[in-house]
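Both backbone and side-chain heavy atoms feed into the values below; hydrogens, waters and symmetry mates do not. Values in this document were obtained by computation on a predicted structure and should not be read as measured data.
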Amino acid sequence: MATPIVELRGVTKSFGPVDVLKGVDFTAEAGRVTALVGDNGAGKSTLIKGLAGVQPYDGGEVLFEGDAVSLHHPRDAAHLGIEVVYQDLALCDNLDIVQNMFLGREELAVGTFDEGRMEAEAARALQTLSVKTVKSLRQKVASLSGGQRQTVAIARSVVKQAKVVILDEPTAALGVAQTAQVLDLVRRLADSGVAVVIISHNLQDVFAVADDISVLYLGTMTARIEAKRTNPNDVVGYITGTKRMTEVQA
Amino acid sequence: MSADIESGGPAIEVANDAPSLLGKGGHGGVRDAVTAYLRRVRGGDMGPLPAVGGLVVLVIIFASANPLFLTERNIANLFTQAAPLVTLGMALVFVLLLGEIDLSAGVTFGVAMGVFVKLTQPGGMSWPLALLLALGIGVAVGTFIGFFVAKIGVPSFVVSLGLFLGLQGVMLVIIGAGGTYRLIPSQIRAIQNQNLPPWAGWVMLVAVLGILLAVAVIDRTRRAASGAPNPPLSIMYAKLGVIAVLGAAVVFYLNQNRGTAARELAGVPIVVPIVLLILMVGTFVLDRTRFGRYIYAIGGNTEAARRAGVNVTAVKWSAFVVCSVLSVVAGIFTVSKVGSADAAMGREIVLSGVAAAVVGGVSLFGGRGRLVYAVIGATVIAVITNGMGLLKFSAGANLAVTGGVLVLAATVDALARKRSGATGV
């Protein structure tokens, strides 16, 4: 098996007396969708915040493409190419699609915006993801549907040439058709060589898109398994703690 | 919207300033550009459209009610009357876009001009030095407000209201109750009371058109170089054509003799090119630099801006400094027009400044608006004041009408916001 892009070894994190992560191992591989599931309070958010550099881990090792790295600031994560697409999307309604996709990393030429270049790159990113649902790149985000907004948020990570994209509940607020579209998009994102981590409570979505499933239960990784080698019933068992998997990786 | 359902179809609809690259893409026609604009307007993104309509109606009403309204002298007067309000409105746009407000903008320029006028009394400081000091007061006040709002997190309404009261006290100390100082430096008096020679008015117009054309051409070349499609050329020519015709009409009109046969008075008031310069530089900053883009981003969604790596504190802080400094410039125009400074200077104008921006289409909720909107809005308010004055209405009636227009504009803003929210679903 190839070297994972991101590998966590025995990471720990406590808030005061509460141990939220008790030595968690986790990997995300290029071209694969890894679902991170677990009940509320299992430590999913804490694990992600550590990867995003928002809340550094207390202990353990983070390997990026095989090298030990430190993630102590969102900048560290961005520098490595780790992008988080948050649940509440974090788009600016009053800006258009291109402006949102390049927010914080605008292309400049002679000190001013190179709008043409940004627009062309945005179009390329959306084409990579085979997005055909957006009428104009200069549409304000306010006029987009939930699925389209999610699309823009995901495409932003493509523009940034992210190597690891973490999606926090990307389908939570979407209808059936839009959910299918977004899951499609997640698949294509992975197919383009990105390591995708998807957090979801919806096991139907997880099984529809994920290659690997990692289950957190009360701060420990209770299962890591290929999606096609398990089934929703077992995964529910892992999530609720009634089932436990000792065998790690196939 | 059914946009996502009808996927697969070619993306033909095109925004007027940038066609889509998706689907068939390519160059949008004029009709596409017009339909896209109409769609935006229907969606609630009306911009300054209501204000422009209102302006036309007002001009027609006042012109038919009083023949003096459209005389060369009154039009020139309108420009100099409007200049302080236009500038103050533009100053406030920088903080309104953040969803903030600066109620102390007026008294800030009051204090700065009080200091300036007092320091430049005969035997005092040289005027350029005093002017720098006055602008420095703007920087100081903006830094003060910015610190409390951006760093500490106190609502700007409260901080600037506190300053509004506090700075009036400072004014009383500097100028003294009931005191008035005459403005001495002739260079500052000239801004609102002297005119460009007629040829210079034309040079100004050509320069403005030349800059706009150059920017548009550079944009198109750059876009073409990156493979991004350009909007139709005809749209660009149409925009420039409208500006050229309107500008030429104004310059021509202002170049007519509005004095007497014996004592000729003609030309574009000196304040006009200064205001134009502020408008163009400010628009450039807001549209084409990171600072400007981040102001819009913060006004739209502060948290999103923060997560995208925007230094929210620094941008907010700087915006308040820009606002206060531009307010001082508005003060320079005021003191130049009035010819003196007293302890009440700038106390009343700030709300008109906010009104100007809102009437022009700048959203009080942040994130939406442009500098030129404030210019249009300020012109509406200046026309109301001027026209009602000519018709011998009382100051009371004038205030009531201006207030009514403001409420109307704010209502339009709120409705537009609701509507644009609704079309998103």
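The line from CZ of A/R105 to CZ of B/R290 is 9.0 Å long, rounded to the nearest 0.5 Å.
Heavy-atom neighbours of A/Q204 CD from other residues, nucleotides or ligands within 6.0 Å: at or below the threshold of 12. In this structure, A/H79 places its NE2 atom where only 12 or fewer heavy-atom neighbours from other residues, nucleotides or ligands lie under 6.0 Å away. Within 6.0 Å of CZ in B/F365 there are more than 12 heavy atoms belonging to other residues, nucleotides or ligands.
Closest approach of A/L91 and B/N301 over heavy atoms only: O-ND2, 2.9 Å. Closest heavy-atom contact between B/A297 and A/C92: O-SG, 3.4 Å. Of all heavy-atom pairs spanning B/R223 and A/G116, the tightest one is CG-CA, 3.9 Å. Minimum heavy-atom separation, B/S226 to A/A120: O-CB, 3.4 Å.
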Identify each donor-acceptor pair in which a side-chain atom of residues 310-317 of chain B lies under 3.5 Å from a protein atom, sequence neighbours left out, and give them as a table.
| from | atom 1 | to | atom 2 | distance (Å) |
| --- | --- | --- | --- | --- |
| B/N311 | OD1 | B/A314 | N | 3.2 |
| B/K316 | NZ | B/E100 | OE2 | 3.1 |
| B/W317 | NE1 | B/T143 | O | 3.0 |

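Here the side chain of A/N94 pairs a donor or acceptor atom with the backbone of B/Y296 at under 3.5 angstrom. Within the 3.5 Å criterion, the main-chain N or O of B/G300 finds no donor-acceptor partner in the side chain of A/D93.
Side-chain contact check for A/T112 and B/R222: at least one donor-acceptor pair (N or O, by modelled atom type) lies under 3.5 Å.
Neither the backbone nor the side chain of B/D219 comes within less than 4.5 Å of any heavy atom in chain A. Neither the backbone nor the side chain of A/A52 comes within less than 4.5 Å of any heavy atom in chain B. Only the side chain of A/L108 comes within contact range of chain B, with at least one heavy atom under 4.5 Å from a heavy atom of that chain. Using a 4.5 Å cut-off between heavy atoms, A/L103 touches chain B through backbone and side chain atoms alike.
Legend: residues meeting side-chain contact (heavy atoms from CB on, under 4.5 Å) with A/K140, ordered by chain and number and at least two apart, are B/D45.
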Margin query: Let's go through A/E115 and B/R293 carefully: what are the C-alpha distance in whole Å and the side-chain angles of both, what is the deciding distance for salt bridge (Lys or Arg N to Asp or Glu O under 4.0 Å) to 0.1 Å, and is it a yes or a no?
Written below: CA-CA 12 Å; A/E115 293 286 354; B/R293 176 67 45 85; 2.9 Å; yes
